[in-house]
Amino acid sequence: MGNLSLVTIVIIAANVLISYKGFNDYGFFERYKFNVGSVRRGEQFRMFSSGFLHADTSHLFMNMLTLYFFADGVIFSVGEFNFVVIYVISLLLGSLLSLYFHQNEYQYSAIGASGAVTGVLYAAILLDPSMSLYMFFIPIPIPAYVFGIGYLLYSIYGMKNRVGNIGHDAHFGGAIGGLVVTLILVPTLFRTDLLMIGLLCIPILILFVMHKMGKI
């Protein structure tokens, strides 16, 4: 793993400090969380600030653990500045997709770095699709691209059926951000991993076809 980069440390520290402020200050939490009604009234900053708030310590821990495992691999490939671009755009696209799918649900709220972290995860998968991932309670290595496709398909299922108190649309939007920005930054991937790109894009096409048909 090596030493964490300064950028990764700063992002984790920001998430921890802002989340703990939110844990102990209800007014602060309510002011900066993502809320459709507030965003549509002009408080667009919530689409960014909500990415640094978390529901509880376990929510915070899981997001930061995932970031810890994958951030520096992405930084090694694209550099610190481009990593920050991936992180921020993934965060914002996660919020945008949530706003798109819940635009008429004025009470809908969401928090968490999941969109940004999912974007980093998908950037890592795209940059190294041959790597294997392990899931909790499943001691079998899963090829990264298989995990990526499966996770997005599950996100579609979760969005359609409102599974759990989870922002599946934010995860999906973050994944799109990670994929698109990484391809812009590393266009040689179109030459070296075109099939993999196509496979990872299939769930994205499925989502928008289902939405166009009114099934989600």
Side-chain angles (χ1 to χ4, degrees), residues 34 36 50-51 54-56 58-71 73-74 86-87 89-103 105 108-183 193 195-216:
F34 175 87
V36 171
S50 59
H54 289 81
D56 50 39
S58 61
H59 184 206
L60 172 64
F61 175 77
M62 290 305 299
N63 274 333
M64 294 305 98
L65 182 65
T66 304
L67 184 64
Y68 170 82
F69 279 121
F70 295 101
V74 176
I86 291 171
Y87 189 92
I89 291 181
S90 296
L91 190 164
L92 293 175
L93 278 181
S95 293
L96 279 170
L97 199 65
S98 293
L99 182 63
Y100 178 72
F101 278 105
H102 301 280
Q103 58 188 293
E105 301 172 44
Y108 181 86
S109 297
I111 49 168
S114 300
V117 172
T118 305
V120 172
L121 171 61
Y122 276 78
I125 291 172
L126 194 57
L127 292 164
D128 186 11
S130 64
M131 71 177 172
S132 295
L133 303 177
Y134 288 85
M135 295 181 65
F136 292 114
F137 310 116
I138 304 178
I140 302 173
I142 302 172
Y145 71 93
V146 172
F147 174 87
I149 296 167
Y151 187 82
L152 287 186
L153 291 175
Y154 172 73
S155 294
I156 293 173
Y157 171 80
M159 292 165 67
K160 180 176 174 58
N161 296 283
R162 301 293 180 100
V163 175
N165 188 27
I166 299 172
H168 297 285
D169 31 32
H171 295 182
F172 206 103
I176 294 173
L179 289 171
V180 171
V181 177
T182 302
L183 289 173
D193 291 289
L195 176 60
M196 198 65 59
I197 294 169
L199 291 173
L200 288 170
C201 286
I202 287 174
I204 299 173
L205 294 174
I206 291 174
L207 172 66
F208 287 100
V209 168
M210 289 181 65
H211 179 64
K212 188 72 173 178
M213 296 173 65
K215 294 185 176 180
I216 190 170

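Everything quoted here is computed from the prediction, not taken from an experiment.
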| message | Using side-chain heavy atoms (C-beta onward) and a distance below 4.5 Å, is His59 in contact with Ser114? | response | yes
| From Leu127 CG over to Thr182 OG1, what is the distance, rounded to the nearest 0.5 angstrom? | 5.5 Å
| task | For a side chain to side chain contact (heavy atoms under 4.5 Å, CB included) with Ile204, tell me which candidate from Ile156, Ile176, Val209 qualifies. | result | Ile176
| message | Is any side-chain heavy atom of Asn63 closer than 4.5 Å to one of Leu67? | response | no
| said: Contact between Leu200 and Ile149 at the side-chain level, heavy atoms closer than 4.5 Å - yes or no? | reply: yes
| said: Do Met62 and Val117 make a side-chain contact, defined as non-hydrogen atoms from C-beta onward lying under 4.5 Å apart? | reply: no
| request: Consider only side-chain N and O atoms of Tyr100 and His211, and report whether a donor and an acceptor are under 3.5 Å apart. | output: yes
| request: Would you please indicate if the ring centroids of His168 and Tyr154 are separated by under 6.0 Å? | output: yes
| said: Once rounded to the nearest 0.5 Å, what's the spacing between atom NE2 of His54 and atom CD1 of Ile111? | reply: 7.5 Å
| message | Is a donor from one side chain sitting under 3.5 angstrom from an acceptor on the other, for Tyr151 and His171? | response | yes
| Side chains of Tyr145 and Leu126: closer than 4.5 Å at any heavy-atom pair? | no
| query | Do the side chains of Pro129 and Asp193 get nearer than 4.5 Å, heavy atoms only? | reply | yes
| query | Where does the angle between the aromatic ring planes of Phe34 and Tyr108 fall among parallel (under 30°), tilted (30 to 60°) and perpendicular (over 60°)? | reply | perpendicular
| Quick check: does any side chain N or O of Ser132 sit under 3.5 Å from a backbone N or O of Pro143, one acting as donor and the other as acceptor? | no
| query | Rounded to the nearest 0.5 Å, how far apart are OG1 of Thr118 and CG of Leu91? | reply | 10.5 Å
